[in-house]
Amino acid sequence: MTATTWPLGIALTSWDYMWRSTPMHRSELEEPAEDGDQSLLSLPEGVSGDELQPQERGYGPLFHRRYRTRIDDPKLSPEELISSLERNLNRAAPTTFARFQKVSGDKEHFAVGDEYVVRMPGPWDGPVRVAACTPRSFRLATLQGHLEAGQIEFRAAHVEEARLWFEIESWARSSNRFSNLLYHHLRMAKEVQAHMWISFLERVVKLSGGRMTGGIEMDTRRLTGAPSAG
């Protein structure tokens with residue numbers, strides 16, 4: 001896809017923000033990286049490292065991001081919600097803007113080692129591999145060609161009997177100098193990414209059969225001192 005599609009994707013993102021009614025609570029901090037910040041960076045046993053793009057091979061600052069929402073009166077349990085997503089990730093993807101296409105693995109099952117490409121406007125397509133899955137979570141690791149280097153995890157958990165949290169957590173940095181420019185300096189890729197995961201959470205709430213309470217929390221930590229390729 002040519003660069004002429006970039007402004008369209010960014011314009012659609014900006015338009016969506018202008019008219020979005022979901023309350024959003026956004027925070028950004030800069031702090032030194034600590035040993036505990038490596039918790040999502042190691043690759044689980046049994047996952048092939050071929051063509052993986054781990055965060056230490058990326059460029060620029062390492063970002064720890066959380067997108068989270070609370071769901072009241074869900075019709076699905078955390079396990080049922082995760083299972084529904086695993087059967088079809090596009091149930092929550094904003095498919096007019098981003099779509100998961102499975103390119104490796106059994107079409108009928110979700111398993112460690114499966115591979116997807118997240119199709120988006122412009123240069124945003126992102127190849128990923130399933131790095132872990134449990135009854136309440138699954139994790140994706142970026143592959144070569146992705147704009148980011150790192151991992152992202154999706155999880156659901158009960159808070160109370162009739163309430164659950166759904167959270168998307170990632171540890172990643174830009175994959176190269178160009179994507180670092182788009183994300184960290186021009187902030188274009190950052191807003192496209194935020195739009196995608198906010199939309200994903202809104203659709204998760206709808207899929208659950210419950211209602212969102214308290215809006216969406218978006219927390220970003222920029223971690224200084226973490227090793228990288230440049």
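Bear in mind the structure is a predicted one, so any value in this text is a computation, not a measurement. Counting begins at 1 with the first residue of the sequence.
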Scanning both residues in full, the closest heavy-atom pair of P127 with G145 reads CD-C, 4.0 Å

First locate atom CD of Q53, then atom CD of E148, and finally report the distance between them rounded to the nearest 0.5 Å.
9.5 Å

Could you pull out all residues at least two apart from E160 that satisfy side-chain hydrogen bond (donor to acceptor under 3.5 Å, both in side chains)?
none

Flag the pair I168 / R155 as yes when at least one side-chain heavy-atom distance between them is below 4.5 Å, and no otherwise.
no

L140 CG to E115 CD distance, which is reported to the nearest 0.5 Å
11.0 Å

Using every non-hydrogen atom in the two residues, find where A132 and V112 come nearest and quote the distance to one decimal.
CA-CG2, 3.8 Å

Separation between NZ of K206 and CD1 of I71, rounded to the nearest 0.5 Å
14.0 Å

Between E86 (side chain) and S83 (backbone), is there a donor-acceptor pair under 3.5 Å?
no

Please find the pair of heavy atoms, one from T142 and one from V128, that lie closest to each other, and give the distance.
CA-CG1, 4.3 Å

Going from NZ on K107 to CG on N88, what distance comes out if it is rounded to the nearest 0.5 angstrom?
12.0 Å

Side-chain donor-acceptor pair present, H64, E169, cut-off under 3.5 Å
yes

Run the numbers on D219 and R65 for salt bridge (Lys or Arg N to Asp or Glu O under 4.0 Å), then give the verdict.
CA-CA 6 Å; D219 299 321; R65 308 183 192 94; over 6 Å; no

Do R129 side-chain atoms and D50 backbone N/O form a donor-acceptor pair below 3.5 Å?
yes

side-chain hydrogen bond (donor to acceptor under 3.5 Å, both in side chains) partners for R91, two or more places apart:
S84

Under 3.5 Å, side chain of R68 to main-chain N/O of E217, donor-acceptor pair present?
no

State whether the side chain of K102 and the backbone N or O of D106 hold a donor-acceptor pair below 3.5 Å, judged by distance alone.
yes

side-chain contact (heavy atoms from CB on, under 4.5 Å) between M218 and I198, worked out
CA-CA 9 Å; M218 297 181 289; I198 291 167; 3.4 Å; yes

Could you tell me how the ring of H195 sits relative to the ring of F97: parallel (under 30°), tilted (30 to 60°) or perpendicular (over 60°)?
perpendicular

Just to verify, what does T213 make a side-chain hydrogen bond (donor to acceptor under 3.5 Å, both in side chains) with, not counting sequence neighbours?
D72

Between D73 and R211, does any NZ, NE, NH1 or NH2 come within less than 4.0 Å of an OD or OE carboxylate oxygen?
yes

Do V130 and F110 touch side chain to side chain, with heavy atoms closer than 4.5 Å?
yes

Under 4.0 Å between a side-chain nitrogen and a carboxylate oxygen: does that hold for R66 and E167?
yes

Keeping S199 on the side-chain end and P94 on the backbone end, is there a donor-acceptor pair under 3.5 Å?
no

Going by ring-ring contact (aromatic ring centres under 6.0 Å, His included), name the residues that satisfy it together with F100, two or more places apart in sequence or in a different chain.
none

When you measure from the side chain of R70 to the backbone N and O of F166, does any donor-acceptor pair fall under 3.5 Å?
no

Say you draw a straight line from CH2 of W197 to CG of L201; how long is it, rounded to the nearest 0.5 Å?
9.0 Å

Quick check: does any side chain N or O of H25 sit under 3.5 Å from a backbone N or O of G214, one acting as donor and the other as acceptor?
yes

Less than 4.5 Å apart, side chain to side chain, heavy atoms only: is that true for F138 and L89?
yes

Check for a donor-acceptor pair, side chain of S208 on one end and backbone N or O of V205 on the other, with a separation under 3.5 Å.
yes

So that I know where these two stand, are F154 and F200 an aromatic pair - ring centroids less than 6.0 Å apart?
yes

With sequence neighbours left out, what residues match E79 under salt bridge (charged side-chain N to carboxylate O under 4.0 Å, His left out)?
R136

For V204 against L81, the heavy-atom pair lying closest together
CG1-CD2, 3.8 Å

When clusters are formed from ILVMFWY side-chain contacts under 4.5 Å, directly or step by step, what else is grouped with W165?
V159

Shortest non-hydrogen pair, G60 vs R173, comes out as O-NE, 2.9 Å

Provide the closest heavy-atom pair for L85 versus A92 in the form atom of the first, atom of the second, distance.
CD2-CB, 3.5 Å

Gap between atom CD of E28 and atom OG1 of T220 - 0.5 Å precision
5.0 Å

Same cluster or not: V117 versus I152, using hydrophobic residues (I, L, V, M, F, W, Y) connected whenever any side-chain heavy atoms lie under 4.5 Å apart?
no

